[in-house]
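Since this is a predicted model, take the numbers as computed values, not measurements. What you see below is based on every heavy atom in this structure, not just the backbone, and it leaves out hydrogens, waters and symmetry mates.
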Protein chains: 2
Amino acid sequence: MPYHHGDLRRALLDTALAAIVEQGPVAISLRELARRAGVSHAAPTHHFRDKTGLLTAIATEGWSLLADALDAVTDRDFAELGVAYVVFATTHPAHFAVMRAPGLVRADDHGLVAAQQRAGASLGTEPDGAPRDRTTALAGWSLVHGLSSLLLEGMVAPDPGSDVESLARAVTGRLGRPLPGRNPR
Amino acid sequence: MPYHHGDLRRALLDTALAAIVEQGPVAISLRELARRAGVSHAAPTHHFRDKTGLLTAIATEGWSLLADALDAVTDRDFAELGVAYVVFATTHPAHFAVMRAPGLVRADDHGLVAAQQRAGASLGTEPDGAPRDRTTALAGWSLVHGLSSLLLEGMVAPDPGSDVESLARAVTGRLGRPLPGRNPR
DNA sequence: GTCGTAACTTGTCAACGTCAAGACTCGCGC
DNA sequence: GCGCGAGTCTTGACGTTGACAAGTTACGAC
């Protein structure tokens with residue numbers, strides 16, 4: 001094992017993500033992550049100042065990946081964006097758990113706020129690029145954020161034989177969509 | 001200070017709730033709660049086996065209070081239930097933070113599950129007492145759960161001059177109701 | 001009144017997060 | 001090809017925490 005790890009930062013993030021899936025974001029310990037990565041107990045300090053720093057990095061990466069996933073949706077109807085949101089949450093449970101956990105991250109971190117805003121902007125933009133009506137955007141965001149949370153908390157599960165994607169599609173379909181010519185924004 | 005506290009269990013819960021508002025549910029320490037309550041560092045153990053036990057008790061109480069709040073809504077239209085949900089979350093931030101935090105509580109705790117189901121049943125019941133369509137109920141629950149979360153995470157705030165209740169009313173109004181006469185809003 | 005039981009204390013342990021100081025190694029300037 | 005600084009990692013230490021064990025005190029039923 002070389003003295004210089006190569007990419008210890010990435011390795012620690014990946015180890016942390018795996019541990020979070022197993023034990024939740026609260027139960028992880030920096031020392032155990034270091035152990036799993038084969039480095040000394042204080043090595044993480046240099047890459048992420050402290051535990052909050054590590055979790056902030058994970059949350060930032062999460063929001064950024066979510067923004068990427070939303071930007072990749074070609075049919076920018078809200079239903080499709082919403083489905084992408086829920087699919088992201090269930091395929092990146094560790095990221096999403098940290099993103100929505102209260103008091104685990106430095107909420108005023110620059111990179112974190114920027115990544116959050118990028119994701120928010122993607123949700124709050126109409127297919128034609130115009131900003132969505134605030135109430136509509138908020139309702140949509142709430143809906144998919146809440147559904148993702150309920151799924152990850154285990155309070156709701158897709159019907160057997162069905163999957164998360166079709167559940168998300170059914171639920172987002174309940175959102176009152178303003179009809180094309182009839183409603184501003 | 002008497003040897004027997006009187007109602008240490010309640011005192012610890014209240015102290016914990018206050019501390020959670022200040023520092024978040026993760027940062028609280030059993031020892032500090034004991035200190036604030038004026039008892040020895042091991043006293044909490046006897047009332048709540050461990051830290052998870054305390055948080056489970058808070059979550060249980062939260063779901064139970066929420067169920068009470070929902071049951072107290074006389075106009076059982078979903079919009080009103082939803083407003084009550086969001087109002088509960090913002091007026092009981094400590095409870096709600098624990099209720100929705102991942103991995104902090106014993107999710108299989110009997111009392112907790114029962115309280116959750118009581119709240120869920122209230123949301124999933126039509127004004128006339130009939131069970132609501134599953135997708136509709138889930139959409140509504142997701143919407144208000146998500147909105148509450150976004151508010152408490154500080155990612156969204158009511159417009160200045162407005163308040164949480166009217167914001168919740170506006171947002172729940174965006175939910176398409178599968179009633180005859182199709183125009184929501 | 002005594003006695004069982006519940007409530008609380010004191011003492012202890014391993015693990016953790018964080019800090020300070022030192023050791024190693026890489027790569028750039030010369 | 002060589003020194004040297006900056007970046008990377010280690011070692012060691014400190015205070016705090018959650019949890020456990022064993023002992024002490026008060027309450028209430030009989």
| task | Just do the side-chain hydrogen bond (donor to acceptor under 3.5 Å, both in side chains) check on B/S162 and B/D159 with the steps written out, would you? | result | CA-CA 5 Å; B/S162 182; B/D159 286 323; 5.8 Å; no
| task | Identify the heavy atoms of B/V113 and B/A107 that sit nearest to each other, and give their distance. | result | CG2-O, 3.5 Å
Can you tabulate the close N/O pairs, meaning under 3.5 Å, that link protein atoms to atoms of nucleotides 11-16 of chain D?
unit_1: D/dG12; atom_1: N7; unit_2: A/H41; atom_2: NE2; d: 3.4

| field | Validation row, ring centre A/H92 to ring centre A/F88 under 6.0 Å | value | yes
| field | Matching residue for A/R106 among A/T52, A/T56, A/T60, A/D50 - test: side-chain hydrogen bond (donor to acceptor under 3.5 Å, both in side chains) | value | A/D50
| remark: For A/V87, the other hydrophobic cluster members (4.5 Å side-chain criterion, sorted by chain and number) are A/V83
| Is A/R49 atom CZ crowded by more than 12 heavy atoms from other residues, nucleotides or ligands, each under 6.0 Å away? | no
| Value in whole Å for how far the P atom of C/dA7 lies from CZ of B/R10 | 16 Å
| Beyond-backbone contact of B/V171 with B/V86, side-chain heavy atoms, under 4.5 angstrom | no
| Residue pair A/R118 / A/D71, side-chain heavy-atom distance below 4.5 Å | yes
| field | Nearest-Å distance for atom pair CG/C1', residues B/L33 and D/dG18 | value | 12 Å
| request: Give the rounded distance in Å between these two atoms: CG of B/L55 and P of D/dA19. | output: 10 Å
| task | May I have the distance from B/H47 (atom NE2) to C/dC8 (atom C1'), rounded to whole angstrom? | result | 8 Å
| task | Using a cut-off of strictly less than 4.0 Å between a heavy atom of the residue and any atom of DNA chain C, enumerate the qualifying residues of residues 13-27 of chain A by number. | result | none
| request: Please state how far atom CZ in A/R49 lies from atom P in D/dG7, giving the value in whole angstrom units. | output: 18 Å
| Tell me: CZ of B/F48 to P of D/dA19, nearest whole Å? | 13 Å
| request: May I have the distance from A/R9 (atom CZ) to D/dT8 (atom P), rounded to whole angstrom? | output: 11 Å
| Just how far, in rounded Å, is C1' of C/dA20 from CG of A/D50? | 16 Å
| Taking only side-chain nitrogens and oxygens of B/H46, does any of them come within less than 4.0 Å of OP1 or OP2 of C/dA7? | yes
| note | Correct closest heavy-atom pair for B/I28 and B/K51 would be O-NZ, 2.8 Å
